[in-house]
Amino acid sequence: MDTNAAPKVRFAPSPTGYFHVGSARTALFNWLFARRNHGTFILRIEDTDEERGREEWVSGILSALAWLGLECDEGPYRQSERYALYADALTRLWDGGYLYACGCSHEEVLERTKGNQTPGYDGHCRELGLAREGRALRFRTPRDGTTVVKDVIRGAVEFPHRAMEDFVVSKANSSPLFVLANVVDDIDMGITHVIRGEDLLPSTPKGILLWKALEGSEVELPVFAHLPMLVNEKRQKLSKRRDPVSLEYYREQGYLPEAFCNYLSLLGWNHPLGKELMTMKEIVQSFSLEDVNHSPAFFDVVKLTHIDGEHIRRLDSDEFIARSSAWLDTVTVPWERHCFEMDTYQRIAHLVQERVATFGEIIPMVDFFFLESPVYDKVAVESLVGNETTQRMLTMALNTFSDCSWETDTLHETTAAMGNEIGLKLSKAQAPIRVAVTGRRVGPPLFESMVILGREKVLARLQAFATLVARTTPE
RNA sequence: GGCCCCAUCGUCUAGUGGCCAAGGACACUACCCUCUCAAGGUAGAGACACGGGUUCGAAUCCCGUUGGGGCUGCCA
């Protein structure tokens, strides 16, 4: 193939479970490479295993890629619809003498190879000349020699054939297996760069053997790039079963897709100048496979969250309002939907935007605007009961706020004055008022919030809270 | 067990033989700012797995050891 031609890459997931962050990373790197080099990004669903694939997983892949913003140029192709291609390849391989039929059961193979130095199939049927029909087909791996995988990230990796078994390329029911379908499609689609997880590195020499058997030993192979694994805190490959890795989870938590991609791009790759906070455009412009590093990376939610916060703060105000309110509309919120007031949200949004790291953090920060009475934080309330100054502050606030001018500065000054009167700094003086009005010790700036909430509601909440605290205050 | 990959602060990483008494980011600690919380500012603690080579000189090259991981399916 012409290496000067526009590259073609594919993301080839198998629909066997929820879309997870490792897949997202692989998809992203393929997409970045394609965009950077003005190539083609193909989506290919590898669903040759009828027993495991499920339709909902396929739509999960599609919606995950859509959310991430990784639009594909071709596809989705589905291997389950391309069996004719694999059947043809199988026949060519059979006719060329590259395959043989195997009549051994899995149990038989295990039994025979139990004590061997090199487990895996022992070639028992290799010279038996069994008929093809109704049997699994194995590739006749050369006994001698070595297959070299030239990998942009890892250099030349050698696999001695003596350590490779005669692998199965098609099942007894004649359906193709991963290595076969994968290579046949890569050939058919003109894939120039194979970018995938490092867990596929050991199967690559098998693919190369097939590639050469199908296309001739002089064929120009695609460029391989095996990305370092994403691992959990125990440094194990991320697993759908034991790790919280569903992409949907992060979507529901209110992470920004562009922030998620930004973080993912930093796992195994880095900007030549060390820049960390980047737009998709910046990442595309500076991405290079040669800059991908070798070692596994831990998926760190803490740093992801920080990056997300940075992206949120960089959103312009209108976009923050539009996107966050749309998100709030899709998740469970503590207030009744009809109580959400867009104009109130618009007024408070800028104060929230600079305080949250994810959209999910917005909810406890604004809920008191849309609830009849605030959700009182138990610890916050307990810290105030039995405290004489709490009562005094509330009483003074009730009096003062009932007829002072209803502006941020005024509320600020009068609260400070009240505190001053009983020897409290503003930080202490505002505490009971904050809890009374918002239910919490932390939140957006209090006086702005009070102005937006309105005098009437504030006074009602102060009154209610004074009663609550009085009732629970020991005499 | 066999084959393969990997090895710099807790984490993500910069570093491709001298510019490194190892730089940045997240997290952490202290202080500043401050109506709470964030954000921001300043300071701080924190790493080249080990052992041999090669070299005038090694985090950087080679070998070994150790450690971790992946693969080893008629899954992908």
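Naming: A, B, ... by sequence-line order, numbering from 1 per chain.
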Establish whether the base of [N] is bridged to the side chain of [X] by a donor-acceptor pair shorter than 3.5 Å.
X        : N     : result
A:Glu276 : B:G24 : yes
A:Lys303 : B:A25 : yes
A:Arg434 : B:C35 : yes

Expressed as a whole number of Å, how far does the [atom1] atom of [N] sit from that of [M]?
N     : M     : atom1 : result
B:U13 : B:G53 : P     : 33 Å
B:C62 : B:C9  : C1'   : 27 Å
B:G41 : B:C33 : C1'   : 8 Å

Taking 4.0 Å as the cut-off, does a side-chain nitrogen or oxygen of [X] come that near to OP1 or OP2 on [N]?
X        : N     : value
A:Asn270 : B:A14 : yes
A:Thr305 : B:C26 : no
A:His106 : B:C74 : yes
A:Lys171 : B:C75 : yes
A:Arg235 : B:C12 : yes

Would [X] and [Y] count as a cation-pi pair here, with the cationic atom under 6.0 angstrom from the ring centre and within 45° of the axis?
X        : Y        : answer
A:Arg461 : A:Phe465 : no
A:Arg82  : A:Tyr77  : yes
A:Arg323 : A:Phe359 : no

Rounded distance (Å) that lies between atom [atom2] of [N] and atom [atom1] of [X]:
X        : N     : atom1 : atom2 : result
A:Phe11  : B:A76 : CZ    : P     : 16 Å
A:Ile153 : B:U13 : CD1   : P     : 12 Å
A:Ile61  : B:A76 : CD1   : C1'   : 12 Å

Is B:U11 paired to anything, Watson-Crick or G-U wobble with both distances less than 3.5 Å, and if yes, which nucleotide? B:A25
Any strand: nucleotide that pairs with B:A49 via Watson-Crick or wobble, under 3.5 Å: B:U65
Would you classify A:Pro445 as touching base, sugar-phosphate or nothing, given that sugar-phosphate means primed atoms plus P, OP1 and OP2, and contacts are heavy atoms under 4.0 Å? base
Among A:His271, A:Glu282, A:Glu310, which residue satisfies the side chain to side chain contact (heavy atoms under 4.5 Å, CB included) criterion with A:Leu277? A:Glu310
